[in-house]
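Below: the structure, in structure tokens.
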Amino acid sequence: MTTPKAKSSAPQETPATGSLSERAQRRTAQTALPYLQGLNEAQTEAVLTTEGPVLVLAGAGTGKTRVLTTRIGHILSHGKARPNEILAVTFTNKATREMKNRIGQMIGEAVEGMPWLGTFHAIGVKILRRHAELAGLKSNFTILDMDDSLRLMKQLIKAENIDEKRWPPRRLSSLIDGWKNRGLTPDKVPNGEAFSFADGRGKDLYAAYQKRLKELNAVDFGDLLLEMNRLFLENPDLLKQYHSRFKYILVDEYQDTNIAQYIWLRLIAQGTGNICCVGDDDQAIYGWRGAEVDNILRFEKDFPGAKTIRLERNYRSTGHILAAASSLITHNQERLGKTLHTDDGLGEKLTLKCLWDDAEEARNIGDEIEALQTKKHALNEIAILVRASFQMRAFEDRFVTLGLPYRVIGGPRFYERLEIKDACAYFDVALNPSNDLKFERIINTPKRGLATATLEVLHHHARARSISLYEAAQELVETEELRPKPRGSLRALLNKFDEWRRDIETMPHTELAERILDDSGYTQMWQQDKSPQAQTRLENLKELIRYMGEFENLAGFMEHVSLVMDADANSDGDRVNIMTLHAAKGLEFDTVFLPGWEEGLFPHQRSLDEEGRAGLEEERRLGYVGITRAKKQAHISFTQNRRVHGNWQSPLPSRFIDELPASHVDIKEEESNYGGYVSSRYDNMSMNYSKTNYTRQPTTKTQKQSPAGKTIEGTVISSRTSGPTTSYEVGERIFHQKFGYGSILSITGDKLSIAFEKSGNKNVLASFVERH
DNA sequence: TTGTTACTATTTTTT
DNA sequence: ATAGTAACAA
């Protein structure tokens, strides 16, 4: 991913650190240790400084992963620790895989022996399973995904007679998630915050939710960390055990750690104190899900005697790209500060383009890509990075019509698909009948006549006797409580589960899985479905079974599904990559397109509203991440019109555009498909955005009388162009290409607020309308 | 109990 | 514009 091309000129220009003797030792080490070949001084230092706390500030494209893996290789090959004595934590499975591969290439067989290389969550599961009893769980506890936990919360909200409309389960979910990220158990939730849901019942709901999880022998994502922390805090002996086990600790993407993870790391690091955190405060983009940039900013205080090593030599991008990114990020105040530099050439400038709307943006980028394609540019080396996933659609539409192959990264994940979840629910229940949430999911899928009414009865019975739904079902089919029809089909279902369970030990698991899907009627359900997606769903199910074959048994497979699985079907071939800026972190491409740089979208309005300046800075870091993904070319664009929630708006260009240094950016004109019309309008626009000053962007409320006599309130973001630049007058009737006829409500600079006869009120640039 | 229709609220990023 | 939900009819 972030491999710097192995440069033949081994010793780098990086300012040397340490005493002369240290430097001399390092130099000798470089010739003695072949794996240090090609590392620059700072990188070498980061690899060799194995003892004590170390913070490696690794800027974008500075060979972070390489340092991390080489460091592990170094520790292993020097016999400083055995593979199972190194704790290496990452955030994503992708990163874990990457690291495993790299270490494998370096050391060979050692990878098998690195059981403690994984994501925070995966390691959490591992530790929790070992000591489940201490956490009040059975070691076969299930891990709830978002779906399950949401369903559970919904049940609780209903049970409390709280209005679902006013207090949506989603909100409770994110609230509890936030608490868990901060390491707060129900009793520790500050009272003030507890009131932020359902008039003060938030805290109780949280407690009830946790209680219910225990009853179900289940944990959710947040618990994996929270419970692990509790385990260690309540059992100091156990913690000591792990202290002596983990000789070296490595943490990737430290800037993304949340408080719970931070607490955990501090607990674990109390052992040897050999903790090495790698991160980049300029790439902290997960604040919204609880990540604390502060963790990395505070590192030196938290770990006294910590050594900070900066990696600033960039091996990825050209000079222009690096300069633009650096300049953008200097607008942030809260940063440790790094100066990236490169020895490579300036390369090509970034390009900037203004387009009419998202469709034209997609058309334009599509054309650019086709042009690149004829120049033999690999599609795999092209990426479109968007702020929000809804932007992807325009590109997908366009690429489909062009016949341009693409892949969406980080879209709906494989295991999140309906059919995969359903299938897994069947497998789950077969393995563990007391998994109520999964049982509930499939009890009436496919339709068996076991809907709300029957489920209600089951719930009551289960609650009353405090048994699982499945057990309740078993008891109820023996009684007269259910009507004959549902009773019959319920019995049939239970019998099938009995059969399947009988075969778990004897039958090969893939065969059993197939049988479950067939016998249950699930396969048939999709075969009979004539919707266009039904076929892909069936194929996905086949893929699931195929993937399952790579595991030893059903249980082993299911463990992976909840945490690890992200097999992507169309990852092969030469394709353009489409993804969000978030998903792009850690990746690199020759050419990167950055569409949609508009106020409100990027920076996103919500970040601005909810997080204020901190939010803005995080958005800016997102922009920094985006630009630094590019190795050779970066193309930024923005549109003048975009639909938001179904209606059209005319956003201003993103303030980030004006934070780019003009000397590194080329302003491109759109190839004019419409004769001179486009370019003349464009001139107008480019003047407008380069002069706009955003430091105190006014948002003015305008109140005007519409012709119909009603008061219309609209929010007009005024541009700073001085004086009216148009000759239009309020009340004038005009025509607009897209919106049709309308009359002018107000004029702000060259922006018109118009009441359209058919499409409502819009703000439009004067150059887009004509008199009528 | 199921399927339909109408309405409503919801639109960022996700381990 | 869309999805998800609630109310209603068959």
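Lettering of chains follows the sequences in order, A, B, ..., and the numbering in each one begins at 1. Given the structure is predicted, the values throughout are model-derived calculations rather than measurements.
- In this structure, A:K447 places its NZ atom where only 12 or fewer heavy-atom neighbours from other residues, nucleotides or ligands lie under 6.0 Å away.
- Contact check on A:R487 versus A:E481 returns no salt bridge, with no Lys/Arg side-chain nitrogen under 4.0 Å from an Asp/Glu carboxylate oxygen.
- Centre separation under 5.5 Å together with a plane angle under 30° does not hold for the ring of A:H604 and the six-membered base ring of B:dT13, so they are not marked as stacked.
- In this structure, of C:dA1, B:dT1, B:dT13, it is B:dT13 that holds the atom nearest to the side chain of A:W288.
- Across all strands shown, A:A583 has no heavy atoms under 4.0 Å from either base or sugar-phosphate atoms.
- The pair A:K64-A:D252 counts as a salt bridge, with a side-chain nitrogen and a carboxylate oxygen less than 4.0 angstrom apart.
- Judged by closest nucleotide on DNA chain B, A:A388 is the one of A:F221 and A:A388 placed further toward the 5' end.
- Residue-nucleotide stacking is not present for A:Y286 and B:dT13, judged by a side-chain ring centre under 5.5 Å from the six-membered base ring centre and planes under 30° apart.
- The CZ atom of A:F602 sits 21 Å away from the P atom of B:dT11 (whole-angstrom rounding).
- Close to B:dT14, at under 4.0 Å from its OP1 or OP2, lies no side-chain N or O of A:K94.
- Taking 4.0 Å as the cut-off between side-chain N and carboxylate O, A:E98 and A:R102 count as a salt-bridged pair.
- To the nearest angstrom, C1' of B:dT15 lies 18 Å from CD of A:E98.
- At a threshold of 4.0 angstrom between heavy atoms, the contacts of A:K180 with the nucleic acid are absent.
- Rounded to whole angstrom, the span from the NE2 atom of A:H121 across to the P atom of B:dT14 amounts to 14 Å.
- The shortest distance between the side-chain N/O atoms of A:N444 and the OP1/OP2 oxygens of B:dT2 is below 4.0 Å.
- Residue A:R393 is in sugar-phosphate contact alone, with no base atom involved, counting any heavy-atom pair closer than 4.0 Å across all strands shown.
- In this structure, the CZ atom of A:F390 is 9 Å from the P atom of B:dT13, given to the nearest Å.
- The separation between A:R642 atom CZ and C:dA1 atom C1' is 15 Å, rounded to whole Å.
- Counting to the nearest Å, the C1' atom of B:dT12 and the CD atom of A:Q391 are 10 Å from each other.
- Where A:L455 and A:R387 meet DNA chain B, the nucleotide closest to each residue was compared, and A:L455 sits on the side nearer the 5' end.
- Contact between the side-chain N/O atoms of A:R289 and the OP1/OP2 oxygens of B:dT13 is not found at any separation under 4.0 Å.
- Distance from the side chain of A:T580 is smallest for B:dT13 among the nucleotides B:dT1, B:dT13, C:dT2.
- Proximity of A:S607 to the phosphate of B:dT12: no side-chain N or O atom is located under 4.0 Å from OP1 or OP2.
- If you look at A:Y262 and A:W264, their ring centroids are not closer than 6.0 Å.
- No contact: A:K485 has no heavy atom under 4.0 Å from any strand.
- Atom P of nucleotide B:dT11 and atom CG of A:D609 are separated by 14 Å, given to the nearest angstrom.
- Looking at heavy-atom distances under 4.0 Å, A:T452 makes no contact with the nucleic acid at all.
- Considering only side-chain atoms of A:K447, the nucleotide from B:dT2, C:dT5, B:dT14 that sits closest is B:dT2.
- Taking the ring centroids of A:F395 and A:Y406, they lie at or beyond the 6.0 Å cut-off.
- Rounded to whole Å, atom P of C:dA1 lies 13 Å from atom CG of A:D358.
- If you take atom C1' in B:dT12 and the same atom in C:dT5, they sit 24 Å apart, rounded to whole Å.
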